[in-house]
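Worksheet: the structure to be examined is printed underneath.
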Amino acid sequence: SKNIWDITKQKFIFKNSLKLFFFLGIFVFFIYSLFSFLIQDFLGIDSIWLVILTGVTIIFWFISSSIDSLLRSLKRFHIIALMQIIWPIIKLTFWIWLVWLWWEIYGALWWIIISGLIVFIISFLYITHYFKWVQSKNNISELLRDFRKDKKSIFNYLLVSLFFALFMN
């Protein structure tokens with residue numbers, strides 16, 4: 001928007017949206033975990049831990065959407081492209097070995113989580129370096145200030161964020 005190059009506001013929005021998406025991801029994971037027994041029965045999966053382990057990726061989806069949004073708004077497409085190339089390479093390389101040597105499907109699921117964490121750390125380190133010298137206040141209520149008057153807007157914002165995080169990742 002109009003203040004896109006104000007780095008203090010960028011850091012403020014990023015830090016607070018990262019916290020917001022983290023807690024939203026944990027909330028959705030909690031809901032997913034409550035229904036994991038139904039998912040297990042419906043899909044005919046032997047172990048409940050496979051379903052819960054799959055649900056852990058929900059938290060990463062929400063957090064990565066915040067990081068990806070910041071990188072897109074900063075027009076750092078080379079970093080986004082690099083992460084989109086690195087993640088499948090890491091995933092495929094170690095996926096095959098973990099499935100073949102050790103843990104079968106558990107190895108595949110664990111490596112999806114670990115490779116996503118590696119890409120998250122690389123992206124987060126890039127953003128941390130970008131915001132290295134910037135001081136910002138840390139008040140999440142300021143981020144939601146525009147929604148205080150209109151409760152329907154905050155619900156719509158969270159619903160759109162949920163679908164964006166789930167379908168874009």
Side-chain angles (χ1 to χ4, degrees), residues 10-40 42-132 134 136 138 140 143 157-169:
Q10 290 172 355
K11 184 175 183 179
F12 170 75
I13 290 171
F14 173 71
K15 283 174 62 176
N16 291 313
S17 66
L18 191 64
K19 288 179 193 175
L20 187 67
F21 281 131
F22 176 72
F23 290 122
L24 186 62
I26 288 180
F27 175 73
V28 172
F29 171 71
F30 178 71
I31 299 295
Y32 179 85
S33 296
L34 290 176
F35 291 105
S36 61
F37 291 106
L38 296 173
I39 296 169
Q40 177 192 9
F42 180 73
L43 296 176
I45 299 173
D46 296 333
S47 175
I48 189 68
W49 294 109
L50 288 173
V51 178
I52 292 175
L53 191 60
T54 304
V56 171
T57 60
I58 292 172
I59 298 170
F60 290 116
W61 288 343
F62 278 96
I63 294 173
S64 68
S65 68
S66 180
I67 290 175
D68 192 45
S69 298
L70 177 70
L71 290 173
R72 287 174 197 258
S73 70
L74 296 175
K75 298 179 179 157
R76 305 286 195 229
F77 299 115
H78 61 284
I79 299 298
I80 296 169
L82 181 66
M83 294 303 115
Q84 289 178 347
I85 291 170
I86 288 175
W87 191 39
I89 290 172
I90 292 172
K91 192 167 46 172
L92 184 62
T93 304
F94 291 100
W95 223 5
I96 294 169
W97 288 102
L98 287 176
V99 170
W100 184 61
L101 293 176
W102 297 307
W103 300 341
E104 298 167 349
I105 192 69
Y106 284 106
L109 285 175
W110 272 111
W111 198 251
I112 287 173
I113 293 170
I114 291 170
S115 63
L117 188 61
I118 290 170
V119 170
F120 168 77
I121 289 171
I122 293 170
S123 301
F124 191 76
L125 288 174
Y126 178 81
I127 291 172
T128 304
H129 179 70
Y130 178 76
F131 289 132
K132 190 174 186 178
V134 178
S136 71
N138 194 13
I140 197 164
L143 184 64
Y157 175 75
L158 291 177
L159 191 63
V160 167
S161 299
L162 170 69
F163 285 114
F164 178 74
L166 290 176
F167 293 122
M168 293 302 290
N169 294 310

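- Rounding to the nearest 0.5 Å gives a distance of 8.5 Å between OG of Ser123 and CZ of Phe120.
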Would you be so kind as to tabulate the donor-acceptor pairs closer than 3.5 Å made by side chains of residues 22-29, with sequence neighbours excluded?
none

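- Open room surrounds CZ on Phe42; 12 or fewer heavy atoms of other groups in view lie less than 6.0 Å from it.
- Of all heavy-atom pairs between Phe14 and Phe131, the closest is CD2-CE1, 4.0 Å.
- When the side-chain contact (heavy atoms from CB on, under 4.5 Å) test is applied to Ser36, the partners found at least two apart in sequence or on another chain are Ile48, Val51, Ile52.
- Of the inter-residue distances, the one linking Ser66 atom OG with Phe124 atom CZ reads 9.5 Å to the nearest 0.5 angstrom.
- For residues 46-58, the set of pairs meeting the side chain to side chain donor-acceptor pair (under 3.5 Å) definition, not counting sequence neighbours, comprises Ser47-Tyr106.
- Checked against side-chain contact (heavy atoms from CB on, under 4.5 Å), Leu125 has the following partners two or more places apart in sequence or in another chain: Ile121.
- Between Arg72 atom CZ and Phe77 atom CZ the span is 7.5 Å, to the nearest 0.5 Å.
- A distance of 9.0 Å separates CG in Leu70 from CD1 in Ile80, rounded to the nearest 0.5 Å.
- Remark: Leu18 CG to Ile127 CD1 distance equals 8.5 Å, nearest 0.5 Å.
- Residues passing the side-chain contact (heavy atoms from CB on, under 4.5 Å) test with Ile122 are Met83, Ile118, sequence neighbours excluded.
- A distance of 13.5 Å separates CD1 of Ile63 from CG of Asp68, quoted to the nearest 0.5 Å.
- Among residues two or more places apart in sequence or in another chain, the side-chain contact (heavy atoms from CB on, under 4.5 Å) test is passed with His78 by Arg76, Tyr126.
- Contact of the Leu20 side chain with the Asn16 side chain is not registered, since no non-hydrogen atoms from C-beta on lie closer than 4.5 Å.
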